[in-house]
Amino acid sequence: MALDERKRQKKLARKNAKRRKAITVARKEHSTVINLMNDPTTVAIASSAALVHECYVSAQLFEAGIGHALVSKLLPNGRIAVAGFLLDVFCLGVKDAYAKAMSPQEFREHIKMMQRVAPLERKDPSYVRKLVESAEAWAAGIGFSAHPDYRVARQLFNDIIAENCADEFVFGRDGKPFFVQGPHETPVKVRQVMETLKRTCGEGNFDYLLAVAAGDNF
C-alpha cells in the first residue's frame, strides 16, 4: 500500500508540474498590455532595432476628417510595440497618441476592435510616418500642439524614411481649417480652439461645427 501511495503522489506531482508550466506559458502568451510612455528601454529598442510589423490608416480618414494611424514593430522578445495616433486632418492634427507593447494575440484583438469602429487599410510605413508628421506640422502652423504623448509615440518612426512616400496630403476642408467639436471637448476647450483659429487664420477663414447648448455664446 505504501509503495502504491508513493507512486500516486509522484504521478500527481508530475501532473501539477505540467499544469504550472502550462499556466506560465499561457500567461506569457496572454500577457497584459504594457504602456511604453514610461519605458524608455523598450521604446529605444522599438525605435531602432525592431522590424516593422504592420501599419494601418483609417480608410475614410480624409472623408470623415478624423481617424487613426498605426505603426507596429516586432520586438526581440516576441511582443509587438504599437504606436497609435488619432488624427484630425480637418483642424487639430494629432489629437491623441499612445505607445504600447502587447502580445501577438492582443495585437490582433486591438486591430479587430479598431476595425469595428472604422475600416482600416494596410499602408507602407513611410506613408504612415509622412501622414502623421505632416498632420502635426500643419496643425502647428495654425496654432495647435500635438497630444503630449506624441513625443514618445513618434519615436517608433525613427528608422522609417518618410521621403520614401510620394503621396502628398491636403489638410482642412475646402481649403480652410474645419473644426468639428468632438464628444469629449468641453465648452472651455471649444472656446480655446475658436480663439486660436480667429487669431491664426482670421475671421471667415475657417469653418466650424459646434454642439452648442442653449444659452452658450461662442
Side-chain angles (χ1 to χ4, degrees), residues 54-71 83-99 111 114-158 160-218:
E54 295 175 7
C55 299
Y56 295 92
V57 171
S58 293
Q60 303 299 318
L61 175 62
F62 284 93
E63 288 79 7
I66 194 162
H68 291 90
L70 179 148
V71 61
F85 308 88
L86 177 63
L87 302 181
D88 176 356
V89 296
F90 282 172
C91 187
L92 300 179
V94 183
K95 290 189 68 173
D96 198 3
Y98 62 86
I111 296 301
M114 295 178 69
Q115 291 274 23
R116 286 194 290 268
V117 175
L120 298 175
E121 290 183 342
R122 290 282 292 269
K123 292 291 186 180
D124 187 84
S126 63
Y127 180 101
V128 178
R129 178 172 188 172
K130 186 174 182 179
L131 169 64
V132 173
E133 293 184 341
S134 298
E136 185 275 332
W138 179 81
I142 56 173
F144 300 108
S145 299
H147 188 276
D149 291 339
Y150 173 69
R151 178 183 58 82
V152 174
R154 67 179 298 215
Q155 292 183 44
L156 271 69
F157 287 144
N158 279 1
I160 296 172
I161 302 173
E163 288 74 18
N164 288 344
C165 174
D167 294 80
E168 297 296 333
F169 306 106
V170 178
F171 301 102
R173 191 187 70 164
D174 299 328
K176 297 187 289 186
F178 176 42
F179 171 60
V180 179
Q181 181 182 359
H184 303 296
E185 284 162 339
T186 65
V188 172
K189 174 64 175 179
V190 171
R191 290 187 180 92
Q192 291 173 345
V193 171
M194 295 295 288
E195 290 302 318
T196 298
L197 289 171
K198 289 176 185 177
R199 185 181 71 254
T200 60
C201 301
E203 291 279 5
N205 295 319
F206 63 91
D207 296 320
Y208 55 91
L209 179 64
L210 307 181
V212 182
D216 278 350
N217 181 13
F218 290 100

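Since we're looking at a predicted model, the values are computed, not measured.
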Does a side-chain heavy-atom distance below 4.5 Å link [X] with [Y]?
{"X": "Leu131", "Y": "Asp167", "value": "no"}
{"X": "Val57", "Y": "Glu121", "value": "no"}
{"X": "Val128", "Y": "Cys55", "value": "yes"}
{"X": "Val190", "Y": "Val193", "value": "no"}
{"X": "Val132", "Y": "Phe157", "value": "yes"}
{"X": "Tyr56", "Y": "Val71", "value": "no"}
{"X": "Met194", "Y": "Tyr208", "value": "yes"}

Distance, nearest 0.5 Å, that separates [atom1] of [X] from [atom2] of [Y]:
{"X": "Leu86", "Y": "Leu70", "atom1": "CG", "atom2": "CG", "value": "12.0 Å"}
{"X": "Arg154", "Y": "Ile160", "atom1": "CZ", "atom2": "CD1", "value": "12.5 Å"}
{"X": "Glu203", "Y": "Lys198", "atom1": "CD", "atom2": "NZ", "value": "5.0 Å"}
{"X": "Lys189", "Y": "Thr186", "atom1": "NZ", "atom2": "OG1", "value": "8.5 Å"}
{"X": "Ser58", "Y": "Ile66", "atom1": "OG", "atom2": "CD1", "value": "9.0 Å"}
{"X": "Ile142", "Y": "Asn205", "atom1": "CD1", "atom2": "CG", "value": "11.5 Å"}

Applying salt bridge (charged side-chain N to carboxylate O under 4.0 Å, His left out) to Glu63 and not counting sequence neighbours gives none
Can you name the residues that form a salt bridge (charged side-chain N to carboxylate O under 4.0 Å, His left out) with Lys176, not counting sequence neighbours?
Asp207
Do [Y] and [X] meet the salt-bridge criterion of a basic N to acidic O distance under 4.0 Å?
{"X": "Lys95", "Y": "Glu185", "result": "yes"}
{"X": "Glu133", "Y": "Arg129", "result": "yes"}
{"X": "Lys130", "Y": "Glu168", "result": "yes"}

For Leu92 and Asp88 the tightest heavy-atom approach is N-OD2, 3.2 Å
Tell me the closest heavy-atom pair linking Ala153 and Ala83, and the distance in Å.
O-CB, 3.5 Å
Does anything in residues 114-148 pair up under ring-ring contact (aromatic ring centres under 6.0 Å, His included), and if so which pairs, sequence neighbours excluded?
Tyr127-Phe169, Trp138-Phe171
Would Phe178 and Phe90 count as a ring pair (Phe, Tyr, Trp, His ring centres under 6.0 Å) here? Give the steps.
CA-CA 5 Å; Phe178 176 42; Phe90 282 172; 5.8 Å; yes
Under the side-chain contact (heavy atoms from CB on, under 4.5 Å) criterion, do Leu197 and Cys91 qualify, and how do the steps go?
CA-CA 9 Å; Leu197 289 171; Cys91 187; 4.2 Å; yes
Side chain Gln181, main chain Ala211, donor-acceptor under 3.5 Å:
yes
Gln115 (side chain) donor-acceptor with Leu120 (main chain) under 3.5 angstrom
yes
Residues, nucleotides or ligands: over 12 heavy atoms within 6.0 Å of Phe62 CZ
yes
